[in-house]
Amino acid sequence: RKEVEQDPGPFNVPEGATVAFNCTYSNSASQSFFWYRQDCRKEPKLLMSVYSSGNEDGRFTAQLNRASQYISLLIRDSKLSDSATYLCVVILTGANNLFFGTGTRLTVIP
Amino acid sequence: NAGVTQTPKFQVLKTGQSMTLQCAQDMNHNSMYWYRQDPGMGLRLIYYSASEGTTDKGEVPNGYNVSRLNKREFSLRLESAAPSQTSVYFCATREFSYNEQFFGPGTRLTVL
């Protein structure tokens, strides 16, 4: 079983829409969680960390549900520039390596 | 600050040829990583180095070797390239206490 699972999409949404992605993880010892963004033919870059209490950065909201072992990313008022692949990342307690989901592809349509 | 740099950006090899992918960082991070990324497979860890002088296998180490030359540099070597090694290779670094990984721009490798 994969450590991290994501719906690959694609998600095609109109500008201004709200879209949500979920990501499930299999190991309850998972400690740290992140969302990365990857543009076409570019390297992944950190979008935001995910904290236990949930956190917001502008139009982006990340949440963690430890009981159900999933993290979510909500994007409000989608912009064309939000089109990218979004990767969820999990780090196990005390581990040095990160586990990446396969990514969810988002296309925002004019 | 260049961050994480990788060379070359593109490479085409014939089956059986060897090559070394170079990665260098100026972020003074202890940990360095090599990933490959294939369509539908996501990022898979090949090798990592928690600190200078140490290396460990990741999820897909077969067919690769690595060298942590010093704190700044971490190279990935393909001794006898195979078509299955056609992929995009990313180097990344991390300062353990901050958790975030920083990636290089990637090397697109095609093995014919």
Side-chain angles (χ1 to χ4, degrees), chain A residues 1-10 21-27 29-52 55 57 60 62 64 71 84-106, chain B residues 2-6 9-10 21 23 25 27 29-52 54-61 66 68 74 87-110:
Chain A
R1 184 179 175 187
K2 289 184 180 178
E3 291 285 346
V4 181
E5 305 242 23
Q6 283 185 259
D7 180 347
F21 309 135
N22 282 340
C23 169
T24 58
Y25 58 94
S26 61
N27 195 321
S30 300
Q31 178 188 38
S32 303
F33 309 88
F34 306 88
W35 284 101
Y36 275 68
R37 171 191 169 127
Q38 186 174 22
D39 293 302
C40 188
R41 301 180 75 83
K42 297 286 190 180
E43 72 272 24
K45 293 184 179 179
L46 180 69
L47 177 66
M48 59 196 301
S49 302
V50 186
Y51 303 123
S52 296
N55 49 300
D57 182 3
F60 298 84
L64 167 64
I71 64 173
T85 296
Y86 292 84
L87 308 170
C88 73
V89 182
V90 169
I91 304 177
L92 302 181
T93 303
N96 196 41
N97 53 316
L98 286 65
F99 294 95
F100 285 78
T102 54
T104 298
R105 185 177 177 89
L106 170 67
Chain B
V4 183
T5 58
Q6 290 183 236
K9 287 187 167 53
F10 302 93
L21 281 64
C23 175
Q25 54 115 351
M27 308 179 81
H29 288 171
N30 286 315
S31 300
M32 298 186 74
Y33 305 76
W34 277 106
Y35 293 91
R36 60 178 289 174
Q37 188 174 37
D38 303 290
M41 301 292 288
L43 282 158
R44 292 184 292 170
L45 182 65
I46 304 171
Y47 271 94
Y48 68 98
S49 171
S51 60
E52 186 179 351
T54 69
T55 60
D56 287 283
K57 294 179 180 180
E59 182 185 354
V60 289
V66 290
R68 183 73 183 267
F74 188 38
S87 188
V88 181
Y89 292 85
F90 288 104
C91 176
T93 72
R94 177 172 172 236
E95 180 56 47
F96 190 82
S97 59
Y98 290 103
N99 285 325
E100 177 185 357
Q101 267 191 342
F102 295 85
F103 286 82
T107 295
R108 295 185 176 277
L109 175 67
T110 300

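Chain letters run A, B, ... following the sequence lines, proteins first, then strands; residues in each count from 1. Every value quoted in this text rests on a predicted model; they were computed, and no experiment measured them.
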Region of [X] that comes under 4.5 Å of a non-hydrogen atom in chain B:
X	result
Gln38(A)	side chain
Leu98(A)	both
Tyr36(A)	side chain

Okay, side chain of [X], backbone of [Y]: is any donor-acceptor separation there less than 3.5 Å?
X	Y	value
Gln25(B)	Met27(B)	yes
Gln37(B)	Leu43(B)	no
Thr104(A)	Pro8(A)	no

Under a 4.5 Å heavy-atom cut-off, does chain A meet the side chain of [X], its backbone, both or neither?
X	answer
Leu45(B)	side chain
Arg44(B)	neither
Glu59(B)	neither

| field | Top of Gly58(B), Pro105(B), Pro39(B) for chain A proximity - count of heavy-atom pairs under 4.5 angstrom | value |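 The option with the most such pairs is Pro105(B).
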| salt_bridge(Asp39(A), Arg41(A)) N-O dist < 4.0 Å |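 Looking at Asp39(A) and Arg41(A), the cut-off is not met.
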| message | For the CZ atom on Arg108(B), are there more than 12 heavy atoms of other groups (residues, nucleotides or ligands in this structure) within a distance under 6.0 Å? | response |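 Buried by this count: over 12 neighbours within 6.0 Å.
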| task | Could you give me the CA-CA distance, side-chain angles and deciding distance for Phe33(A) and Tyr51(A), then say whether ring pair (Phe, Tyr, Trp, His ring centres under 6.0 Å) is met? | result | CA-CA 7 Å; Phe33(A) 309 88; Tyr51(A) 303 123; over 10 Å; no
